There are 2 protein chains.
Amino acid sequence: MHSFTEENYLKAIYKLQETNGEVVATSALAQVMEVHAPSVTDMLKRMAGKKLVTYQKSKGVKLTERGRQVAVGIIRNHRLWEVFLVDKLGYKWDEVHDLAEQLEHIHTEDLTNKLDKFLGFPKADPHGDPIPDANGVLPKSKAVLLSTLKVGEEGMFTGVTDHTPAFLNYLDKAGISLGNNIKVKAIEEFDQTYTLQIKSNKEIIISNKVANGILVN
Amino acid sequence: MHSFTEENYLKAIYKLQETNGEVVATSALAQVMEVHAPSVTDMLKRMAGKKLVTYQKSKGVKLTERGRQVAVGIIRNHRLWEVFLVDKLGYKWDEVHDLAEQLEHIHTEDLTNKLDKFLGFPKADPHGDPIPDANGVLPKSKAVLLSTLKVGEEGMFTGVTDHTPAFLNYLDKAGISLGNNIKVKAIEEFDQTYTLQIKSNKEIIISNKVANGILVN
DNA sequence: AAATTAAATTAGATTAGCCTAATTTTACTT
DNA sequence: AAGTAAAATTAGGCTAATCTAATTTAATTT
Ligand SMILES: [Mn+2]
Ligand SMILES: [Mn+2]
Ligand SMILES: [Mn+2]
Ligand SMILES: [Mn+2]
């Protein structure tokens with residue numbers, strides 16, 4: 001129905017709208033899509049023609065309701081495939097993104113739903129990101145950055161904001177896994193280094209950069 | 001690495017070489033690929049440039065060793081995905097072809113091998129077609145058409161030559177499944193209609209057309 | 001061997017998605 | 001309000017994969 005490229009643009013616009021507000025700039029899209037600005041302008045015109053976005057010259061772009069539905073469908077599919085790769089094929093959480101980036105575009109409603117069922121209707125992907133339901137409803141998460149906690153506060157590790165293999169790998173090495181309870185024991189004033197207690201036993205020290213990549217509930 | 005289109009051409013050339021001999025004609029490829037002849041000529045030139053085929057103007061095309069390897073890899077992937085769709089997701093054998101036609105192009109050596117392992121190293125796909133091993137070796141089948149059997153002879157149903165949903169559906173309805181023992185009880189001289197005994201009980205009558213779609217061992 | 005038919009190639013276009021260079025529009029400073 | 005910087009668009013081109021129409025090459029028939 002839609003090309004891989006269109007679907008990737010839709011996803012990118014959706015995510016930019018979620019994090020940076022209603023209307024998305026050409027330059028922001030160009031950066032995410034790793035193309036040059038004129039390519040984006042071009043693409044937006046074509047997508048506007050297909051009623052996937054509303055585009056006003058020099059005033060940015062928004063998804064239409066149809067565009068939003070397609071985007072969320074792709075995200076659903078992406079996350080389900082990631083669960084499949086990790087739970088069934090034995091991939092590690094830092095290895096699945098690129099494959100899922102391809103698999104997400106192989107989607108019929110039926111396939112996605114059968115996959116969902118086969119996987120036991122998971123609520124989240126291997127990175128803790130919520131999986132939209134079959135109607136495109138994505139539960140609003142109330143997770144907060146670990147870096148917003150005060151000394152003495154704690155929460156459960158439920159997601160990451162940094163999805164790079166490098167970061168995920170670091171967490172593995174540090175022994176911090178999704179679902180772990182994390183308590184802030186101390187925050188060094190000089191450089192915002194955090195001393196954490198993981199699962200009420202092991203204590204570790206992480207940088208502020210790492211604390212900004214971790215979401216807790 | 002290679003585009004979906006290239007991979008589909010490689011598969012088509014491979015299959016035509018298997019059934020119609022060494023060298024493949026532009027027109028034959030055009031028919032299989034459902035494009036017009038000049039598109040094929042064009043594509044063959046590009047593929048020859050990439051050393052996937054050897055192409056001589058007006059003299060047809062052959063796969064190079066590299067081309068053959070890629071083609072068999074895609075076929076391996078296609079058949080493994082079909083097994084996944086049927087065995088794990090619950091699709092019927094007449095529903096999986098088009099999906100596998102897409103999924104086959106999502107392949108890294110690692111993914112294919114992990115999928116193979118997850119599925120328990122299946123020997124054949126849901127249509128009885130053999131699955132090439134990780135080294136690209138495809139076991140030569142010695143199955144024969146049911147229509148070559150004489151009255152009184154029997155064999156096990158191990159594959160089809162007609163992969164259309166219509167035919168597969170017909171077999172379902174007729175109650176003939178892969179693995180069934182089939183014995184030829186009678187052949188009507190007038191129109192080559194076959195009377196078969198399935199699994200040493202039920203007797204059914206099939207047309208010559210159907211007998212030509214069934215492979216037995 | 002010549003004529004006819006069939007198969008394949010060349011020529012010239014089109015579309016999606018990308019590019020660079022030039023220009024225009026919008027935003028930010030002084 | 002004018003000037004400068006940043007963002008976006010336009011203009012013009014490229015490649016992969018397709019098409020139709022015209023031409024050439026190969027195969028078949030007389
Ligand atoms: Mn993608
Ligand atoms: Mn994820
Ligand atoms: Mn295919
Ligand atoms: Mn098959």
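Because the structure is a prediction, the values reported are computed rather than measured. Order of the sequence lines fixes the chain letters, A, B, ..., with proteins taken first and strands second; residue numbering starts at 1 for each chain. Keep in mind that the numbers below use all heavy atoms, side chains included, and drop hydrogens, waters and symmetry copies.
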Does [X] make a side-chain N or O approach to OP1 or OP2 of [N] shorter than 4.0 Å?
{"X": "A/Tyr55", "N": "D/dA8", "answer": "no"}
{"X": "B/Thr5", "N": "D/dA16", "answer": "no"}
{"X": "B/Ser39", "N": "D/dC19", "answer": "yes"}
{"X": "B/Arg46", "N": "D/dA17", "answer": "yes"}
{"X": "A/His36", "N": "C/dC18", "answer": "no"}

Does [X] reach a base, just sugar-phosphate, or nothing at all? Heavy atoms under 4.0 Å.
{"X": "B/Lys59", "result": "nothing"}
{"X": "A/Ser58", "result": "sugar-phosphate"}
{"X": "A/Tyr9", "result": "sugar-phosphate"}
{"X": "A/Ser27", "result": "sugar-phosphate"}

Which whole-number value in Å describes the distance from [X] [atom1] to [N] [atom2]?
{"X": "B/Leu52", "N": "D/dA17", "atom1": "CG", "atom2": "P", "value": "11 Å"}
{"X": "A/Lys45", "N": "D/dA11", "atom1": "NZ", "atom2": "P", "value": "8 Å"}
{"X": "A/Asp42", "N": "D/dG12", "atom1": "CG", "atom2": "C1'", "value": "12 Å"}
{"X": "A/His105", "N": "C/dG17", "atom1": "NE2", "atom2": "P", "value": "12 Å"}
{"X": "A/Glu7", "N": "C/dG17", "atom1": "CD", "atom2": "P", "value": "11 Å"}
{"X": "B/Gln56", "N": "D/dT25", "atom1": "CD", "atom2": "P", "value": "16 Å"}
{"X": "A/Leu44", "N": "C/dA16", "atom1": "CG", "atom2": "P", "value": "15 Å"}
{"X": "A/Met43", "N": "C/dT15", "atom1": "CE", "atom2": "C1'", "value": "12 Å"}

*Using the closest heavy atom to pick a nucleotide of DNA chain D for each, name whichever of B/Lys50 or B/Pro38 lands nearer the 5' end.*
B/Lys50
_I need the single residue from A/Glu18, A/Glu101, A/Glu6 that forms a salt bridge (Lys or Arg N to Asp or Glu O under 4.0 Å) with A/Lys11. Which is it?_
A/Glu101
*Below 4.5 Å, heavy atoms only, C-beta onward: do A/His2 and A/Leu52 meet side chain to side chain?*
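Yes - at least one pair of side-chain heavy atoms lies under 4.5 Å apart.
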*Charged N to carboxylate O below 4.0 Å: is that the case for B/Arg76 and B/Asp116?*
yes
*Look at the rings of B/Phe118 and A/Phe84 and say which category their plane angle falls in: under 30° parallel, 30 to 60° tilted, over 60° perpendicular.*
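Judged by the thresholds at 30° and 60°, the geometry between B/Phe118 and A/Phe84 is perpendicular.
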_Once you measure the plane-to-plane angle for B/Trp93 and B/Phe157, does it fall in the parallel (<30°), tilted (30-60°) or perpendicular (>60°) bin?_
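Ring orientation, 0 to 90° scale: perpendicular.
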*If you check the B/Lys57 side chain, which of C/dT10, C/dT20, D/dA8 turns out closest?*
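Minimum distance to the B/Lys57 side chain belongs to C/dT10.
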*Among D/dA8, D/dA11, C/dG17, which nucleotide sits nearest the side chain of A/Ala25?*
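Among D/dA8, D/dA11, C/dG17, the one nearest the side chain of A/Ala25 is D/dA8.
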